[in-house]
S.K.: 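After the structure tokens below, expect a handful of questions from me.
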Amino acid sequence: MKNIKNTKMELSQETMNVGFIKKVEALSGSSVRRCFQCGKCSAGCPMRSFMDHPPNRIVRLIQLGQWERVLAGRSIWYCASCETCSTRCPNKVDLAAIMDALRKLSWDADGPSKESYVQLANKLFINNIKQYGRQYEMRLAAVFNVKSGQFLKDLMLGPKLLSKGKLKMFHSKNKNLAEIEKIFNRIEEMRKNGDAP
Amino acid sequence: MKHDFEPKIVAFVCTWCTYAGADLAGTSRMIYPSNVRVVKFPCTGRIDPVFILKAFQKGADGILVSGCHPGDCHYMAGNFHARRRFAVFRKLLEFIGVDLNRLEFSWVSAAEGGKWVEIVTDLTQKIRKMGPLTQFTDLADEEQWSGALSNPELKAVYDQV
Amino acid sequence: MSRIGVFICHCGENISRTVDVEQVAQAARQMTGVAYACDYKYMCSDPGQTLLKKAVAEHKLEGIVVAACSPRMHEKTFRNAAQAAGLNPFLCEMANIREHCSWVHDDRAEATTKATDIVRMLVERVRKNKKLVPITVPVTKRALVIGGGIAGIQAALDIADCGHQVVLVEREPSIGGHMAMLSETFPTLDCSQCIMTPRMVDVINHPRITLHTYSEIECVDGYIGNFSITIKKKARSVDMAKCTGCGVCMEKCPQKKIPNEFDKNLGFRPAIYVPFPQAVPNTPVIDREHCTKFINGKCGVCQKVCGPGAVDYEQQDQLVVEQVGAIVVATGFKLYDITEKPKGSAIKGYGEFGHGKIPDVIDGLTFERLASASGPTGGKIVRPSDGKEPKQVVFVQCVGSRAREKGISYCSKVCCMYTAKHTMLYKHKVHDGQAYVFFMDARTPGKSYDEFWRRAIEEEEAVYVRGMVSRVYQKGDKVVVMGSDIAVGVQVEIEADLVVLATAIQPRDGADTLAQKLGISYDKYNFYSEAHAKLRPVECATAGIYLAGACQGPKDIPDTVAQASAAAAKVMTLFSKDQLEREPIVARVNEKFCVGCLACKKVCAYGAVEEKEIRDRQGNLIRVVAYVNPGLCSGCGTCQATCPSKSVELDGYTDEQVMAMLDTL
Amino acid sequence: MSPTKNVLNYSYYPGCSLHASGKEYDESARGLFKALKIGLQEVPDWFCCGATPAHNVDELLSLALCAKNLELADAVEGDLAVACAACFSRLKTTQHKLGENEVKRKQVEQAIDAKVSLDKPVKHLLEILARDFGLENLQKSVKKPLSGLKIATYYGCLLTRPPDVPQLDCTEAPTIMERVLETTGAETVAWSHRLECCGANFTLSRPGVVLKLTGDILASAKRAGADCLVVACPLCHGNLDIRQKEIEEATGEEYHMPVFYITQLLALACGVPPGKLGFNSMIVNPTPLLKEKNLI
Ligand SMILES: Cc1cc2nc3c(=O)[nH]c(=O)nc-3n(C[C@H](O)[C@H](O)[C@H](O)COP(=O)(O)OP(=O)(O)OC[C@H]3O[C@@H](n4cnc5c(N)ncnc54)[C@H](O)[C@@H]3O)c2cc1C
Ligand SMILES: Cc1cc2nc3c(=O)[nH]c(=O)nc-3n(C[C@H](O)[C@H](O)[C@H](O)COP(=O)(O)OP(=O)(O)OC[C@H]3O[C@@H](n4cnc5c(N)ncnc54)[C@H](O)[C@@H]3O)c2cc1C
Ligand code: SF4
Ligand code: SF4
Ligand code: SF4
Ligand code: SF4
Ligand code: SF4
Ligand code: SF4
Ligand code: SF4
Ligand code: SF4
């Protein structure tokens, strides 16, 4: 995708994706229009310096229905879900929830940041739940390193943690693992039928 | 503490700002040297430079002229006119050879009791160091100083400012 | 004067603790002119005051010095006591030996010396004091209100309701001002005409209001309590006494295509017209510039059709003189005109917005007329160019305002709010339309104002873009707006159907001329200046003249009405007494010495100094001298210090008094 | 008055981390509760709460997992005690969201094929100690005061945020950890980064980010003169303890600042033998500090 970060915005009822605004509002349960761009969210965001669009600008872009511009940036994948923004927003804009909604929408769509490490980690994490019911950090880390091509990453941490008894080499599956699978399946089913977002 | 020389200080102040500021210093029980004698005017705009000469002539060693801050004049522009007038007057004093350090202009508002104390104290100390002013006690007739510029040299200075 | 009584107060121990009061009294007895001196524990107490009164009688005192607290504390108390004892109160002065002495020094000997000095100074001063009598000025209890917008109407009604006569002068054929032009009003969105027209009718029906419309102030004489006003009533060409307001003349007038100013030229009117149907008075005027009869003498239709024979082509301008005691100035504002650069003004205009040549770029008032149910389109919002309903409307705030480069640095205060209102009115009328607003700040400091603005965005879905517009140009039937969104940090471009500019509020044309007639001051933009921004916000420095509404600075209706009522209250305060009594601390000119240089006139901030002609018995002008109008002088003394020939003196602060004090040094 | 015996009984949701990288938290919590005679019974067959990754991309899944866990917990008597701040946050959020949003509740019920039950109070260990058990009782249970220890209490994000969800303590100026620790005679320091994020979620994917954030936190604690940090969340612990060496290498600052779970120190104070508190599982060795202060 071309870099649209600095290109001119042509605003019209056609170019402002109102459906997108409504979708984000529905998913997050938070108003987007309330935001008056005070910047308090960005002021306290621990991840601001790693983001290309600061959190307030993310809200601004949604207000204008500029989904592509949001997608084109990495900000949503750098949000740590720390809830600082939501806690401090003077307008009760739940930006952390909006970030969740955006990640979900990006996850569903074919966004440019699909390959992000964060997304990969999330995916593995969820797969872990599906397969084992619980997290096994060793496996998570190992698979992540393999899949992300960073074989040597955190190489030194592993043995250290093992020696401290912090990583379990073996894991037992939950007895009612079938239950979990059913939940995953039902959600998938619901989505297929349009019963769930 | 006793000093060798206790100067006489005369303060010309406006009633709305500086006089009230000096009152505040009193109600706040701030202590300052007793050398100052206050003469009250409705406005600094009323203060004729002749009064300053008269005070010097009568033995004042230092003079303070103080009114409202620019823009706060109770009479809108009196302090502004005063400022202009004294700018001219300073030139004249300088011309005569009076040390301008003996004449202080300041703005003290009704809320600035502390500033009043500071200014009076500093001026008193400054004048103590300078010693008594003698050259004026024998200055002749102050009425010449009512701004009638009979002396061409003075007029030249006046026109220049 | 040589029988002076000196009363030294202990103030409990407040003074006596540091000042040896007995020693001061002892010293006072030695001073020239002092006939009696004593000290007492509480001078301001009843026994203290009785002591003073008794002493006056017993010792036949002619002057009094009370050495006690600050005169700011008790001068009134002791002057009253002196008066009760039969002395002129201005022969009583206070020597401040508490705030300026006992409280601020700790050395008893020094403080006592200083207190003695202070008393001596005041004794010398009192010796030179003169009896002063409070000045009284008779008050004509009749007010003039200039300008018949909501400000003038409110002030006039308040004063008249209080029982006083009011003369209301309006320049236009009808009262109403801008508020009559508005559609609905923030922050409540009530219909402007619905709340305005009843007030206009109240004015014309009020038994104590004399209304002069189509009239202007010709000249103003006099001073507070006693103004004489000459009013020019412009020829209406219709006899107000005869006209029934039937409107037949307007219907029949063949000149129908004159752009209607009231509708911001969106509609037309005949040459004989009322500006709008609810006009007050409902009497037409003939616009002589456009009337055929006046151009070439040919028509005369209106006169023929007028039943009561009210049309009078011969009518002349008329001068009326009214006597009033107070004046309320309420001449309102005009909108910044981007189409032209006024001659001799710093205003630059907006070349980048096409200098107003693009038909679908309009100003806020035009939008008001479009949105008004009684407007030229019946409240339908359409584009001036082709009458189509606009689907994309761009509003631009701060046009002209806050633009030093363009000539105005102030904020117009109402446009943020009326733009928010416009986006709502638009959305209410064009449901599928989209409003955009380019803005720098949203200035909404009023009760329920910010909530109103937020509603425009959150509920009416106006898209606000923080950032300004750089250029506007026509592209086909669209108007392209080039702006920026500084939150996103990119340029924004919108192809709009209609662009509405929130242009600056400026004083009316001729505001300066009127100010000069009235002798009131105005700022560099021609807004009238109040005497004190915080403490006297509705009074002019010139006594007896008050300000209301947008002529003093940009203002919305609530502020305007509040100020108008405040001005009315000030007028009523003035009218509450038959005589105006003032402290006799005023300047007086000694005509014998005055050389007529008028240096005093230049420095007097109150316009109190006038020129006075001295004539001989034959009436030949001998010379001109200064005269201080005691009604206007506020006693600052600036003139006295300025006068090169020492010809003007401020009572109560004469040179003699000051010099006497200095002589004690 | 000594603490009443066995009146407090809780069901217990340890969460994945407490079974692995945060096992010393689990051990010390159990030890402490035993010492205080508070019952703690683990919910059988609990699932992962989904933590941040789940709600990050799939809110419904996240809510469904937690709802399922709440259902499982219903089978065990007593309010639900939670140790991990992330689990606590997810469970509370689920209760909060499903309580106020009917649409979401219906969806979740469909997903787990059961009625969601929101009635069981979910409580963080801190809450149980400070409120249910009580600070006074806690103080009375202290056998070995921790006097001399200067502690920086680290709350991180999820214990108190957002304001209307966890309701553990004041969102922006909480004191619950300080109040609990001060019963032991320890000293808590005032410091700036108590509530800043450690970047927990990125420990795997973006360790650089974590290093920066935790580096700031450690620096702040050091500035305030703390001997050690105390946390109530295994994710915070992971970042601050496990990565401390890396941080030191990256920033060139020496910290050697042991990072305790709050239960470790409380249990120590209440007389649980140090050997049972997992001190040797910690990457930054706490022994020298504890020795120096005469605590072991
Ligand atoms: C587009 C727009 C929308 C607005 N919307 C709102 C709103 O929704 N709510 C709100 O509260 N405010 C609104 N305002 C502000 C409101 O119009 C003003 O607050 C109000 O009109 C000020 O009243 P005024 O009487 O001071 O002035 P004006 O209404 O201007 O009246 C002045 C009167 O004086 C007369 N006059 C002028 N000079 C002379 C002279 N020399 N001699 C005799 N008569 C003279 C004029 O003819 C006029 O009748 C709006 C303003 C604009 C421009
Ligand atoms: C930090 C700050 C800076 C400001 N700076 C400026 C400035 O630079 N310029 C400016 O124009 N404005 C300024 N303001 C605004 C200004 O202070 C207010 O406009 C002004 O004080 C309002 O005056 P008030 O008489 O309405 O209220 P107040 O000053 O609040 O007076 C109300 C009085 O009523 C008394 N009272 C209250 N309840 C009762 C009761 N039930 N019975 C009897 N008495 C009661 C109170 O004790 C008080 O004395 C500032 C305000 C603040 C907060
Ligand atoms: S803090 Fe809230 S209102 Fe402010 S910019 Fe962020 S989201 Fe918008
Ligand atoms: S929740 Fe995300 S966007 Fe909000 S402050 Fe934390 S990291 Fe920043
Ligand atoms: S200048 Fe002050 S000095 Fe003159 S009166 Fe004004 S109020 Fe005061
Ligand atoms: S001038 Fe005559 S015709 Fe016209 S409105 Fe008046 S009465 Fe009617
Ligand atoms: S005389 Fe003039 S005003 Fe009358 S009808 Fe003719 S054009 Fe119209
Ligand atoms: S009121 Fe708003 S639009 Fe008008 S000048 Fe001020 S800031 Fe600009
Ligand atoms: S300044 Fe003095 S001389 Fe000049 S006009 Fe005024 S009073 Fe007369
Ligand atoms: S005393 Fe002041 S107000 Fe009075 S005439 Fe002189 S300058 Fe004007």
Side-chain angles (χ1 to χ4, degrees), chain A residues 27 29 46-47 49-50 78 80-84 86-88 94 96-97 99-101 103-104 107 116-123 125-126 128-129 133-138 140-141 144 148 153-154 157 160-161 164-168 174-176 179-180 182-184 186-187 190 195-197, chain D residues 16-17 19-23 44-48 50-61 64-65 68 89 97 101 104 107 110-113 156-158 160-163 165 171-172 195-202 204-209 212-213 216 242-243 246 280-283:
Chain A
L27 267 174
M47 304 303 290
S49 48
F50 304 102
Y78 271 88
S81 298
C82 72
E83 302 270 3
T84 309
S86 302
T87 301
R88 304 222 170 111
D94 190 350
M99 288 290 194
D100 281 351
R103 280 183 292 255
K104 160 106 177 67
W107 181 267
S116 121
Y117 292 160
V118 184
Q119 201 152 357
L120 175 61
N122 286 340
K123 198 165 214 150
F125 191 99
I126 290 174
N128 253 3
I129 302 179
R134 293 184 190 168
Q135 287 311 321
Y136 294 97
E137 287 150 341
M138 178 73 170
L140 190 60
F144 177 82
S148 62
K153 191 165 153 254
D154 286 347
L157 272 184
K160 204 181 207 167
L161 295 182
K164 294 275 183 186
K166 289 214 165 206
L167 288 184
K168 283 192 179 172
N174 265 32
K175 276 194 225 105
N176 50 0
E179 281 292 319
I180 275 289
K182 274 191 212 149
I183 292 177
F184 274 89
R186 279 191 217 105
I187 290 179
M190 284 164 69
D195 293 342
Chain D
C16 308
S17 295
H19 277 196
S21 59
K23 74 183 172 65
D45 288 322
W46 52 267
F47 294 107
C48 174
T52 307
H55 79 80
N56 241 334
V57 292
D58 193 339
E59 193 200 22
L60 178 57
L61 174 64
L65 288 171
K68 183 73 195 165
S89 166
K97 284 209 167 146
N101 188 327
K104 284 192 174 151
Q107 286 166 354
Q110 198 180 342
I112 63 171
D113 195 22
C157 314
L158 299 178
T160 61
R161 287 197 287 260
V165 175
T171 309
E172 297 292 4
L195 303 167
E196 295 305 306
C197 175
C198 69
N201 188 28
F202 296 112
L204 204 55
S205 49
R206 305 261 180 230
V209 168
K212 162 85 176 78
L213 298 181
D216 290 349
I242 299 174
R243 295 213 181 260
E246 282 175 79
N280 51 7
S281 300
M282 292 161 65
I283 305 287

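Lettering follows sequence order; numbering is per chain, from 1. All values below come from the heavy atoms of this structure, side chains included, with hydrogens, waters and symmetry mates left out.
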S.K.: Between chain D and each of A:Met190, A:Arg134, A:Lys104, count heavy-atom pairs under 4.5 Å; write down the option with the most.
M.R.: A:Arg134
S.K.: Given the options D:Lys97, D:Gln110, D:Glu196, which has more heavy-atom pairs under 4.5 Å with chain A than any of the others?
M.R.: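 Most heavy-atom pairs within the cutoff with chain A belong to D:Gln110.
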S.K.: Chain D heavy atoms under 4.5 Å from A:Ile129: which part of the residue, side chain, backbone, both or neither?
M.R.: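 Only the side chain of A:Ile129 comes within 4.5 Å of chain D.
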S.K.: Heavy-atom distance under 4.5 Å to chain A: side chain of D:Phe47, backbone, both or neither?
M.R.: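 Contact with chain A is through both the backbone and side chain of D:Phe47.
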S.K.: Check the angle between the aromatic planes of D:His19 and D:Trp46 and answer parallel, tilted or perpendicular using the 30° and 60° thresholds.
M.R.: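 D:His19 and D:Trp46: perpendicular rings.
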S.K.: If you count heavy-atom pairs within less than 4.5 Å of chain A, which of D:Thr171, D:Val209, D:Thr160 leads?
M.R.: D:Val209
S.K.: In terms of heavy-atom pairs under 4.5 Å, which option from D:Cys198, D:Cys157, D:Gly208 contacts chain A the most?
M.R.: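 Of the options given, most contacts go to D:Cys157.
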S.K.: Under 4.5 Å from any heavy atom of chain D, what part of A:Tyr78 do you find: side chain, backbone, both or neither?
M.R.: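 Looking at A:Tyr78, backbone and side chain both touch chain D.
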S.K.: How long is the straight-line distance from CG of A:Asp100 back to OG1 of D:Thr52, given to the nearest 0.5 Å?
M.R.: 9.0 Å
S.K.: If I measure from the heavy atoms of chain A, does D:Asp58 come under 4.5 Å with its side chain, its backbone, both, or neither?
M.R.: both
S.K.: Non-hydrogen atoms of chain A under 4.5 Å away: do they reach the side chain of D:Asp113, the backbone, both or neither?
M.R.: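 When you check distances to chain A, atoms from both the backbone and side chain of D:Asp113 fall under 4.5 Å.
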S.K.: Is it the side chain or the backbone of D:Leu61 that comes within 4.5 Å of chain A heavy atoms, both, or neither?
M.R.: both
S.K.: With heavy-atom distances below 4.5 Å as the criterion, would you say the side chains of A:Glu83 and A:Asp94 are in contact?
M.R.: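 Yes. Closest side-chain heavy atoms under 4.5 Å.
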S.K.: Measuring from A:Ser49:OG to A:Met47:CE, what's the distance to the nearest 0.5 Å?
M.R.: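 Between A:Ser49 OG and A:Met47 CE, I get 7.5 Å after rounding to 0.5 Å.
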S.K.: So which part of D:Leu213 gets closer than 4.5 Å to some heavy atom of chain A, the side chain, the backbone, both or neither?
M.R.: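 Side chain of D:Leu213 only, per the 4.5 Å heavy-atom cut-off to chain A.
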S.K.: Can you name the salt bridge (Lys or Arg N to Asp or Glu O under 4.0 Å) partners of D:Lys68, sequence neighbours left out?
M.R.: A:Glu179, D:Glu71
S.K.: Main chain of D:Leu195, side chain of D:Arg161: is a donor-acceptor contact present, judged purely on distance under 3.5 Å?
M.R.: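 Side chain of D:Arg161 to backbone of D:Leu195: a pair is present.
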S.K.: By a 4.5 Å heavy-atom criterion (distance strictly below it), what part of A:Ile183 contacts chain D: side chain, backbone, both, or neither?
M.R.: both
S.K.: In terms of heavy-atom proximity below 4.5 Å to chain D, should A:Arg103 be classed as side chain, backbone, both, or neither?
M.R.: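 For A:Arg103, heavy atoms of backbone and side chain both lie under 4.5 Å from chain D.
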S.K.: Can you tell me how far apart CZ (D:Arg206) and CZ (A:Phe50) are? Round to the nearest 0.5 Å.
M.R.: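 Going from CZ on D:Arg206 over to CZ on A:Phe50, the span is 10.5 Å.
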S.K.: How far apart are the closest heavy atoms of A:Phe125 and D:Pro53, and which atoms are they?
M.R.: CG-CG, 3.5 Å
S.K.: Give the minimum heavy-atom separation between A:Ile126 and D:Ala54, together with the two atoms involved.
M.R.: CD1-CA, 4.1 Å
S.K.: What part of D:Ser17 gets within 4.5 angstrom of chain A, counting heavy atoms only: side chain, backbone, both, or neither?
M.R.: both
